[in-house]
Asker: 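Can you keep this structure in mind? I'll have questions shortly.
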Amino acid sequence: MNQPTRTELAALGEFGLIDRLSKGVQLFHEQTLKGIGDDAAVLDLGGQLTVVTTDMLLEGVHFDLSYAPLPHLGYKAVAVNISDIAAMNAVPRQITVSIAASNRFSVEAIEAIYSGIKTACEEYKVDLVGGDTTSSRSGLVISVTAIGQAGKEKLTYRSGARPGDIICVSGDLGAAYVGLQILEREKQVYMANPDMQPQLEGKDYLIQRQLKPQARMDIVYELRELGVQPTAMMDISDGLASEILHICKSSSVGATVYEDKLPIDGVTYTTAVEIQLDPTTCALNGGEDYELLFTIGQNDYEKLKNHPDVFFIGYINEASKGINLITKNENRVPVRAQGWVHF
Ligand code: ADP
Ligand code: MG
């Protein structure tokens, strides 16, 4: 009689599922300062604080081997994790890499992935200290864990934004998403007719943003040099709208974002229009740009106002005022998350 309950994953979505799984997770150690719920966990192991984060890339979900070169894939798997360390305003130190591959892959192919992993290790100055290797029956899986460090006063959580703070992003948005649309389009053309050459001319920037994103550690170091301590920070993996909602929820605040202040690269803009996408929607909901979204107190504005990579897109307000986008026509519309729908 008693049918076991079955809830579809799609009914919860990714964030709903994480919320549900994390309920009742007990923390046994005082050393665990922050568990689930930020870009990385924060541990007090003595000395500086330690941050730990992990991200997994799956073939067919996060990448498509028909256009993702293997070295880029290895690089990206590391970069997206370093990006979460950067989002904590911490410095990355070590990574572990776990790989599951089927016999469809040769040793040389796995080595090609590792050449990208090693390039990223060099670039971000992290030590590859371990991992796991196993076989897979379907598709390639790469999972990376990154460990970083920061002083207690340096760490930035999602929860520190206060009304009056200025909302900043570290670079242009929407390019990675538009790049993906172009790669998908050319793949369809190729599958219909393998003699066709892909039309990627002039789209290098978009494609590079999709296939080889950079973690913005440079911004972390520059903020330190300028003496700017962000009040809250996270990286833009799921899309600006989704991340703003996360910061507002964690910080119990609202926000006002101006459409005309959203940084959109010229090629992103024209290509979006060309393929009948709204550039603003791409910037708000595209995701995978791996830029940093952060808030600063107004007294830090002077120090950052001439920074070539930092864009000021709005401000934090009281929660009661909501989370709104002021459009180019001066309409006020609530910010909604589309982000990536995994299920
Ligand atoms: P990000 O986009 O920064 O990688 P996620 O949205 O994946 O972050 O995760 C949000 C938070 O939930 C993080 O603290 C992450 O460690 C945690 N988390 C995600 N999946 C799980 C899981 N299956 N079990 C426990 N914690 C998880
Ligand atoms: Mg993140």
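Keep in mind that what you see is a predicted model, and the values were worked out from it rather than measured. Ligands are counted one by one from 1 in listed order, and the atoms in each one are counted from 1 as well.
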Asker: In terms of atom number and element, which parts of ligand 1 are under 4.0 angstrom from non-hydrogen atoms of Asp39?
Answerer: 3 (O)
Asker: Side chains of Tyr67 and Glu184: is there a donor and an acceptor less than 3.5 Å apart?
Answerer: yes
Asker: Run the salt-bridge test on Glu302 and Lys305 with the 4.0 Å N-O cut-off and return the result as yes or no.
Answerer: yes
Asker: Just let me know how Thr54 lines up against ligand 1, side chain, backbone, both or neither, with a heavy-atom cut-off below 4.0 Å.
Answerer: neither
Asker: I'd like to know if Met234 contacts ligand 1, where contact means a heavy-atom distance under 4.0 Å to any ligand atom.
Answerer: no
Asker: Is the ring centre of Phe15 less than 6.0 Å from the ring centre of His246?
Answerer: yes
Asker: Return yes when Ser237 approaches ligand 1 closer than 4.0 angstrom through a heavy atom, no otherwise.
Answerer: yes
Asker: Test your reading of the structure: does Asp238 have an N or O sitting under 3.5 Å from an N or O of ligand 1?
Answerer: no
Asker: Which atoms of ligand 1 are found less than 4.0 Å from any heavy atom of Glu14?
Answerer: 6 (O), 7 (O)
Asker: Would you mind telling me if ligand 1 is within reach of the side chain of Arg158, the backbone, both or neither, using heavy atoms under 4.0 Å?
Answerer: side chain
Asker: Does anything in residues 188-230 pair up under ring pair (Phe, Tyr, Trp, His ring centres under 6.0 Å), and if so which pairs, sequence neighbours excluded?
Answerer: none
Asker: Are any of the N/O atoms in Phe15 less than 3.5 Å from those in ligand 1?
Answerer: no
Asker: Go through ligand 1 atom by atom and flag the ones less than 4.0 Å from a non-hydrogen atom of Asp84.
Answerer: 3 (O), 4 (O)
Asker: Salt-bridged, Arg93 to Asp127, with N to O below 4.0 Å?
Answerer: no
Asker: Is it the side chain (CB and beyond), the backbone, both or neither of Ile36 that lies under 4.0 Å from ligand 1, heavy atoms counted?
Answerer: both
Asker: Has His246 got any heavy atom lying under 4.0 angstrom from an atom of ligand 1?
Answerer: no
Asker: Could you tell me whether the side chains of Ser143 and Ser98 share a donor-acceptor contact shorter than 3.5 Å?
Answerer: no
Asker: Does an N or O anywhere in Asp235 fall below 3.5 Å from an N or O of ligand 1?
Answerer: no
Asker: Ligand 1 versus Asp55, non-hydrogen atoms closer than 4.0 Å: side chain, backbone, both, neither?
Answerer: side chain
Asker: Dump the intermediate steps for side-chain contact (heavy atoms from CB on, under 4.5 Å) on Leu277 and Tyr177, then the final yes or no.
Answerer: CA-CA 11 Å; Leu277 292 172; Tyr177 178 76; 4.0 Å; yes
Asker: For Glu153, does the CD atom have more than 12 heavy-atom neighbours from other residues, nucleotides or ligands under 6.0 Å away?
Answerer: yes
Asker: Under 3.5 Å, which donor-acceptor pairs do the side chains of residues 252-264 form with other protein atoms, sequence neighbours left out?
Answerer:
| residue | atom | partner | partner atom | Å |
| --- | --- | --- | --- | --- |
| Thr256 | OG1 | Asn317 | OD1 | 2.5 |
| Glu259 | OE1 | Lys328 | N | 2.8 |
| Glu259 | OE2 | Thr280 | OG1 | 2.6 |

